[in-house]
Amino acid sequence: EPASGLDPGSYERFLSLLISLDARETHHQGDILVNRIRQEDANYQAAAQAAIRMRINSAASAQIAHEFETTLQPRREALSTAIDNYVEYKRAELQHEESRIAASTTATIRWVTLLSMISIAIGAALAAFLTRTLTRRYTDAQNATRLREDIVAIVSHDLKNPLSSIGLSAELLARQIERGQTDSET
């Protein structure tokens, strides 16, 4: 019958888990506790087998009850205590590991936050630099466009006067030629 109130299937799985523990168990205390469970289980199994043999051999109920109270029950309690000690040891080990992971996670979050802040600062500086550069180039382009428009206006004005007089002179000549042709024809 399983100790610690475990159902028979859980008890068997627990015992098989203990048996399957190998050299990966690195903690000396854990090894001691596992060996203690194995020893107490062997003692309990031996006491249980003795009680079963007594029952098979038709021993008196009083004798079986005495064997149960003096041998089997104390062995069961010792096994239960050994299992409880191991569970508590593993619980403490798990809590220690959880604390270590929490500390590691906190450190990782701090690094990620720091790197994010640095990235944001670099991005802001780059954006400011690019904005300044683009603004300067836009201003230069506006100035170049204004300068081009001014040059075109000046050239247009300077060419307009001579071209107007050339155009008028050509028109005058064309009229004179027309008249001359009409005068010579008549």
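We number each residue from 1, following the sequence as shown.
Atoms OG and CD1, on S116 and I109 in that order, are 11.5 Å from each other to the nearest 0.5 Å. Expressed to the nearest 0.5 Å, how far NE2 of H96 lies from NZ of K90 amounts to 12.0 Å. Atom-to-atom distance recorded for S80:OG and Y44:OH is 10.5 Å, nearest 0.5 angstrom. To the nearest 0.5 Å, atom OH of residue Y86 and atom CG of residue N35 are 10.5 Å apart. Distance check: N43 CG to R76 CZ gives 15.5 Å after rounding to the nearest 0.5 Å. Interatomic distance, CD of Q176 versus CG of L172, reported as 4.5 Å (0.5 Å rounding).
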Assess the residue pair Q73 and E77 against the criterion (side-chain hydrogen bond (donor to acceptor under 3.5 Å, both in side chains)); give the C-alpha distance rounded to whole Å, side-chain angles, the decisive distance to 0.1 Å, and a yes or no. CA-CA 6 Å; Q73 188 62 29; E77 290 170 6; 3.2 Å; yes
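Clustering ILVMFWY residues whenever any of their side-chain heavy atoms sit less than 4.5 angstrom apart, transitively, puts F68 in a cluster other than the one holding I52. There is a path of hydrophobic side-chain contacts, each under 4.5 Å, that joins I122 to L114.
N85 is linked by a side-chain contact (heavy atoms from CB on, under 4.5 Å) to L33, T81, counting only residues two or more places apart in sequence or in another chain. Remark: R136 pairs with T133, D140 by the side-chain contact (heavy atoms from CB on, under 4.5 Å) rule, at least two apart or across chains. Listed by chain and number, the residues in a side-chain contact (heavy atoms from CB on, under 4.5 Å) with E171 are R175 (sequence neighbours excluded). Every residue meeting the side chain to side chain donor-acceptor pair (under 3.5 Å) condition with R146, not counting sequence neighbours, appears here in chain and number order: N143. Legend: residues meeting salt bridge (Lys or Arg N to Asp or Glu O under 4.0 Å) with E97, ordered by chain and number and at least two apart, are R100. Partners of D150 according to the side chain to side chain donor-acceptor pair (under 3.5 Å) rule, which considers only residues two or more places apart in sequence or in another chain, do not exist here. Residues passing the salt bridge (Lys or Arg N to Asp or Glu O under 4.0 Å) test with R91 are E88, sequence neighbours excluded. With sequence neighbours excluded, the residues forming a salt bridge (Lys or Arg N to Asp or Glu O under 4.0 Å) with E40 are R36, listed by chain and number. When the side-chain contact (heavy atoms from CB on, under 4.5 Å) test is applied to T108, the partners found at least two apart in sequence or on another chain are S104, V112.
Using a 3.5 Å distance cut-off with no hydrogens or angles, the side chains of Q45 and Q49 do not pair a donor with an acceptor.
Between E69 and P74, the closest heavy-atom pair is O-CD, 3.3 Å. Here the closest non-hydrogen pair linking T71 and A47 is CG2-CB, 3.7 Å.
Hydrophobic cluster of L130: the remaining members, joined at side-chain heavy-atom separations below 4.5 Å, are L126, F129, listed by chain and number. Applying the under-4.5 Å side-chain rule to Ile, Leu, Val, Met, Phe, Trp and Tyr, the cluster around I64 extends to M54. Counting side-chain heavy-atom gaps under 4.5 Å among Ile, Leu, Val, Met, Phe, Trp and Tyr, V152 is found in no cluster with other residues.
Put simply, the side chain of D41 never gets that close to the backbone of I37: no donor and acceptor are under 3.5 Å apart. With hydrogens and angles disregarded, a donor-acceptor distance shorter than 3.5 Å links the side chain of T105 to the backbone of I101.
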